[in-house]
Amino acid sequence: MRVVTWNVNSLRARLERVEEWITEVQPDVLCLQETKLADDAFPGLTFEALGYESAHYGQGQWNGVAILSKVGIDDVVTNFAAGVEPDPDARIITATCGGVRVSCCYVPNGRSLDDDHYTYKLSWLDRLVEHLDRDSSCDADVIVTGDFNIAPEDRDVYDMRKFRNATHVSQAERDRLTALEQWGLSDLFRQHHPDADSLYSWWDYRSGDFHQGRGLRIDLVLGSASVAKRCEWSAIDRNARKGKQPSDHAPVMVDLAG
DNA sequence: ATGGTAGCATCGCTA
């Protein structure tokens with residue numbers, strides 16, 4: 001079972017590329033972030049024609065998340081699970097696909113360490129743990145994936161000197177990833193690339209950052225212990241960042257046995 | 001230190 005996360009930075013602007021990519025890579029489950037669509041504008045029929053059921057949670061203009069699945073899509077939850085302080089933005093959708101409980105997340109950017117949006121980011125990540133406590137069981141097959149807007153380690157950042165006093169690398173943000181780890185999740189890409197550095201999933205559009213190798217690894221696929229055990233391959237498809245009108249993010253893929 | 005680009009409900013905001 002192939003599970004992929006991809007921040008597409010506007011599904012309207014990216015639909016043709018996403019369709020081509022799906023046809024080539026044939027993921028079983030595809031988690032999308034930043035669709036920037038209202039629910040009634042989501043191209044569900046286009047994906048149905050490619051063999052996918054889908055669920056979208058959007059608000060138009062900004063944010064918006066979706067799950068596409070060839071292996072069923074059940075028990076869909078939009079926003080955080082009941083009992084958790086709801087988020088005003090459309091940033092998380094959860095569904096069961098092929099027996100795996102999948103949460104597709106678009107974590108707030110944070111903007112800067114002194115911005116209210118940074119406080120919101122930390123609160124959002126605290127609520128993600130509460131969401132998992134209420135929605136999912138760490139003993140089951142669970143995937144929490146998406147654009148985390150956090151680089152787990154310094155080696156996931158092209159140049160730490162450029163990130164002094166910046167978001168995406170702060171201890172408080174990384175502590176939130178540790179909390180997810182303590183809940184029972186691990187970084188499936190890192191499991192298959194334990195010694196690698198300079199492997200990124202996002203590159204700023206500006207200044208030729210992609211071609212200069214200036215990126216961050218901020219798109220993660222986290223899996224529970226049973227999922228990690230089944231995970232036999234993971235890669236970032238940086239080819240998808242090339243060519244005409246790419247997203248600024250590349251898809252991150254994992255293959256699970258069975 | 002700044003600015004660079006892309007997308008949106010576009011001339012300002014978000015990333």
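Lettering of chains follows the sequences in order, A, B, ..., and the numbering in each one begins at 1.
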Atom-pair distance ([atom1] on [X]; [atom2] on [N]), nearest Å:
X	N	atom1	atom2	result
A/Lys36	B/dA6	NZ	C1'	8 Å
A/Lys121	B/dT14	NZ	P	15 Å
A/Arg161	B/dT2	CZ	C1'	17 Å
A/Asp147	B/dA15	CG	C1'	10 Å
A/Glu16	B/dG7	CD	P	13 Å
A/His211	B/dT5	NE2	P	13 Å
A/Asp248	B/dG7	CG	P	9 Å
A/Arg214	B/dA15	CZ	C1'	17 Å

Please tell me if [X] has a side-chain N or O lying less than 4.0 Å from either OP1 or OP2 of [N].
X	N	value
A/Arg14	B/dG7	yes
A/Arg12	B/dG7	no
A/Ser10	B/dC8	yes
A/Arg111	B/dT14	yes

Exercise. Looking at A/Arg127 and A/Asp87, does any basic side-chain N land under 4.0 Å from a carboxylate oxygen?
Worked result: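 A salt bridge is present here (some side-chain N lies under 4.0 Å from a carboxylate O).
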Given the [atom1] atoms of [N] and [M], what is the spacing between them in whole Å?
N	M	atom1	value
B/dA15	B/dG3	C1'	15 Å
B/dA6	B/dT2	P	23 Å
B/dA1	B/dC11	C1'	25 Å
B/dA9	B/dG4	P	24 Å

Problem set entry | Selection from B/dA15, B/dA6, B/dC13 that lies nearest to any side-chain heavy atom of A/Tyr205 |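 From the listed options, B/dA6 comes nearest.
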Exercise. Base, sugar-phosphate, or nothing for A/Tyr106, non-hydrogen atoms under 4.0 angstrom?
Worked result: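 Sugar-phosphate, no base atom in range.
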Problem set entry | Most 5' of A/Gln61 and A/Asn109 on DNA chain B, judged by nearest nucleotide |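 Final value for this comparison: A/Gln61.
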Problem set entry | A/Gly110 vs A/Lys162, nearer the 5' end of DNA chain B by closest nucleotide |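 Nearest-nucleotide comparison on DNA chain B picks A/Lys162.
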Exercise. Going by the angle between their ring planes, with limits at 30° and 60°, are A/Tyr158 and A/Phe163 parallel, tilted or perpendicular?
Worked result: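 Plane angle over 60°, so perpendicular.
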Exercise. Which residue, A/Asn7, A/Val8, A/Leu216, forms the side chain to side chain contact (heavy atoms under 4.5 Å, CB included) with A/His249?
Worked result: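 Of the listed options, the one satisfying the test is A/Asn7.
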Exercise. Under the 3.5 angstrom rule, does the side chain of A/Lys121 hit a backbone N or O of A/Asn149 as a donor-acceptor pair?
Worked result: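 The answer is yes, because a donor-acceptor pair under 3.5 Å joins these two groups.
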Problem set entry | Pair A/Phe148 and A/Trp124, ring centroids less than 6.0 Å apart |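 Not close enough - the centres of the two rings lie 6.0 Å or further apart.
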